[in-house]
Amino acid sequence: MNINPGESTIELKQQLHSQIFFDPELDKHSGSSEQFLLSIYNSVQTSIFIVDVLEDGDFRYVALNPTHERWLGISSENLKGKKPEDILSPVDAAKVRQHYADCVRFGKTISYEQCLQFQGVGTWWSTTLTPLRDANSRIYRLIGTSSNITPVKQVAQAKEIQTAQEQLLEAIAKWIRESLDLDTLLHQLVKEVRHCLNCDRILVYSIQPDETGVVIAESTVTANSCLGQKFPDSSLIGKYQERRGRGCIQIIEDIYTAGLHPSQVSLLESWPVRANLVVPIWSQQQLWGLITAQHCHQPHQWQEIEIDLLKQLATQIGIAVHQAQLHEQVQHLKTQLESQKQQHQVQLQQAQHFQKLVRRITEQIRDHQPATQVVQTATQELTQLLQLQSCYIETYNTSGTQTIVTYEYTTSAPQHQGLTRQVADLPQIYQPLLGKKHWQSLEIVPGWHPQLLVLVQLACPIFDNQGNLGNLWLNRPTQEMFNEWEISLVQQIANECAIALRQAKNDFANQSQMQAFAHKERLQNEFLRTLSHELRTPITSISLAAQTLESVLTPEGILDIEIVPQLLQILQNECGRESKLINDLMTLSYLEAEPDTPTLIAIDLQTWLTPIVESFRELSHCQRQKLYLNIDQQLPPLETDITDLERIITELLSYACKYTPSGEAITVSADLTIDAVQLKISNSGLEIPPSEMPRVFEPFHRLMKNDPWTYSGTGLEMAVVQKMVRHLGGSINVESANGQTTFIIKFPQ
């Protein structure tokens, strides 16, 4: 406490006169009374102060007596004319103003006790206020007398704190014995400690694994809550861990005079904190946390009894923490045992269900039920047993480069049915699966969701001694991975699925083979039936012509000489037709077998193709058809078998002339593409229906079936052309649209 003895009574007397106590208009002849009052004012050991009550109800200090000057360290001259806010903190000024206002409002002497901060020191005062009235009975001045009762209050406060401390420690010991949980204990403790110390805030910090302190319990009278906030000075935690005892207790009576770093002062101001007392909490030789007492708006001189109380509380909290940790360990062990027991029961039940599922699948396979029924049973019951989101089966293609999801069972909308994956795109997944090992992952579901969605995926390979067939996929919406026991059970189901899929593959292969045999036999029968018809047709014509010729040739001579050339022409045509049919059949048989390698000769299409096309000029002219030839001048020489190529061009031109209507055009072109020499034979006026396109190259297929006499031929021309083009290493296809049909032949360079 600061005492200013420099102000003398003589100096004060020179400044004071009778109007300090009385209105001059009340008594102009009161000299003896004035002297008497001044003598009391100057010599009495009680603090006296004078306050003016202004017309607007505000208050201004007038003077202090020497005793009050010594106590406060403020001179009367410096005090005169100031308001309470000019010399007191906002909180204390508000308290003082309230007492002054009460005295004026009641109009009589009042007494009270209060604690005020002067020069950073809290002092308790017992004060009496007496109002003075003027001639109009208005209270214009207050006379206050105060006695410093700080020592008495400190003794009483110490006794209260000691009593409260004993009661609090006893209560804490009882709470610990009753095994209250730590959170409940801490919240009750901070509340009781704040009342006991009469401070603004009590905090308990817990040291986290990253060595930061977080407020886990709080009791405060302020509106600002600190729960969940980090420790304001992380460097102190290291200091507490380095040393123990009283040396690691932080005692700050005023943040502005404690020599703190400006950043620490700024941080404490923001909470707000003015006085701070921090005591570490140790549990089993380890720093567990901190307990802090704070005054938010005024400095505070921490008493020894307050420090000792906080230390004892820290010790009790350390004991409670250790007991809570032991209790938590016991509960954790109990929980683990119970969890293991429940898990064992669940596994036992799951094992029983799995065995039943395996038996059902085995019976289905034994009864030769369809594979779809087997995998449906497997995926559906796996989803229910393991609480999955979905379960699906993917199978490999023949080359093993691609998978496709063939069956899916899901509790929501299907997401994978028909999904295809390229094996090469996902080596991290398919390398272990192709190595006949399971694969498992934990992934975050993409997209926006109110809560984070996590999906665990498990894939078990489906394989047998002949190779990999596919994979069994399981999706579970949880963060818990599939354990080894579950994986082994799922692999059993995958093995059963392998039997079903292999059986289905074999059945499909057998069925396909039988269908292929049946189709081949049907084609052979149809071919023989058509061939018999085609052979019978010219034979019938030859027989009819021979009979007619026999009838006109009699021993007596020729009855009708004019019909003989016609009959001979029929015989010649039909014999030629029969001969061509036999040649085409022999060519087809030769090309169906393993023909000899063609003899390749480099030809210039510009000079080679022209005479072949020109040989059809007269025929196209007779049928009133237009014939065009377009050859790219930049064409390179083409290595081919000229005999086979000539027949290919000839057959296609014959085909075009046969089916091109009168007045339409036939165009032959040869050009060079990026990687091939391309020949095109196009004719306008004819469009092949889409249903007929796949059958153009079938043996004995005719576009105009209703008039076979007009469009004569063996019916093997296009089949022979296709075989010969392929024999030369090329390809042929047909396009038909917009009233035009085009045969396109390509020979790779």
Side-chain angles (χ1 to χ4, degrees), residues 1-4 72-74 87-93 115-124 150 153-154 157-158 161 190 193-194 196-207 211-215 217-222 224-226 229-282 287 289-314:
M1 180 180 296
N2 297 325
I3 300 175
N4 184 5
L72 300 182
I74 303 174
I87 62 173
L88 298 172
S89 68
V91 176
D92 288 351
C115 181
L116 301 177
Q117 295 282 339
F118 291 106
Q119 305 295 325
V121 178
T123 309
W124 278 92
T150 301
K153 276 292 184 180
Q154 288 178 344
Q157 190 177 34
I161 293 176
V190 295
V193 172
R194 187 181 61 78
C196 181
L197 295 181
N198 194 25
C199 58
D200 295 330
R201 186 188 291 128
I202 295 291
L203 302 175
V204 174
Y205 295 89
S206 174
I207 306 300
E211 296 188 353
T212 60
V214 178
V215 178
E218 176 190 30
S219 176
T220 180
V221 296
T222 65
N224 298 330
S225 176
C226 301
Q229 294 193 21
K230 294 292 183 68
F231 187 71
D233 188 358
S234 57
S235 63
L236 288 178
I237 296 176
K239 296 178 182 179
Y240 292 135
Q241 293 173 333
E242 290 174 2
R243 61 185 191 273
R244 297 194 59 176
R246 186 172 179 81
C248 64
I249 298 176
Q250 185 191 57
I251 303 173
I252 299 176
E253 297 182 348
D254 190 345
I255 62 173
Y256 300 114
T257 61
L260 300 177
H261 191 274
S263 62
Q264 294 177 322
V265 174
S266 176
L267 185 59
L268 291 170
E269 282 179 337
S270 65
W271 281 46
V273 176
R274 186 67 181 273
N276 204 37
L277 174 60
V278 183
V279 177
I281 301 172
W282 297 88
L287 180 63
L290 307 169
I291 182 169
T292 301
Q294 297 173 344
H295 285 271
C296 297
H297 303 292
Q298 295 178 349
H300 180 74
Q301 186 175 6
W302 298 102
Q303 303 298 317
E304 190 69 27
I305 192 170
E306 295 175 320
I307 299 172
D308 290 340
L309 172 59
L310 222 58
K311 288 174 60 179
Q312 293 186 57
L313 291 175

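We use all heavy atoms of the structure for the numbers below, so side chains are in, but hydrogens, waters and symmetry mates are not. From a predicted model like this one, the values you see are computed outputs, not experimental measurements.
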Minimum heavy-atom distance Cys199-Ala293, with the two atoms named: SG-CB, 4.4 Å
Side chain proximity check, Arg201 to Glu218, heavy atoms < 4.5 angstrom: yes
Where Ala258 and Ile252 come nearest, the two heavy atoms and their spacing: CB-CG2, 3.8 Å
Under 3.5 Å: donor-acceptor pair, side chain of Glu306, backbone of Gln303: yes
From CD (Gln250) to CH2 (Trp302), nearest 0.5 Å: 11.0 Å
Residue pair Glu253 / Thr257, side-chain heavy-atom distance below 4.5 Å: no
Heavy-atom side-chain proximity of Asp92 to Gln298 below 4.5 angstrom: yes
Leu116/Thr123 under side-chain contact (heavy atoms from CB on, under 4.5 Å): CA gap, chis, key distance, verdict: CA-CA 5 Å; Leu116 301 177; Thr123 309; 5.8 Å; no
Between CG on residue Leu268 and CG on residue Asn276, distance to nearest 0.5 Å: 6.0 Å
Audit row: Leu309, Ile305, side-chain contact (heavy atoms from CB on, under 4.5 Å) steps and yes/no: CA-CA 6 Å; Leu309 172 59; Ile305 192 170; 5.7 Å; no
Approximate separation, where rounding is to 0.5 Å, of Trp271 CH2 and Ser225 OG: 10.0 Å
Side chain proximity check, Tyr205 to Val214, heavy atoms < 4.5 angstrom: no
Minimum heavy-atom distance Ala314-Pro280, with the two atoms named: CB-O, 3.4 Å
Point-to-point distance, once rounded to the nearest 0.5 Å, from CG of Leu310 to CD1 of Ile249: 8.0 Å
Approximate separation, where rounding is to 0.5 Å, of Leu313 CG and Leu197 CG: 7.5 Å
Least distance between heavy atoms, Val273 atom then Ile255 atom: O-CD1, 3.2 Å
Heavy-atom pair with the smallest gap, counting every atom of Asp200 and Cys296: OD2-N, 2.7 Å
Approximate separation, where rounding is to 0.5 Å, of Lys311 NZ and Leu277 CG: 10.5 Å
Ser219 side chain near Val193 side chain, heavy-atom distance below 4.5 Å: no
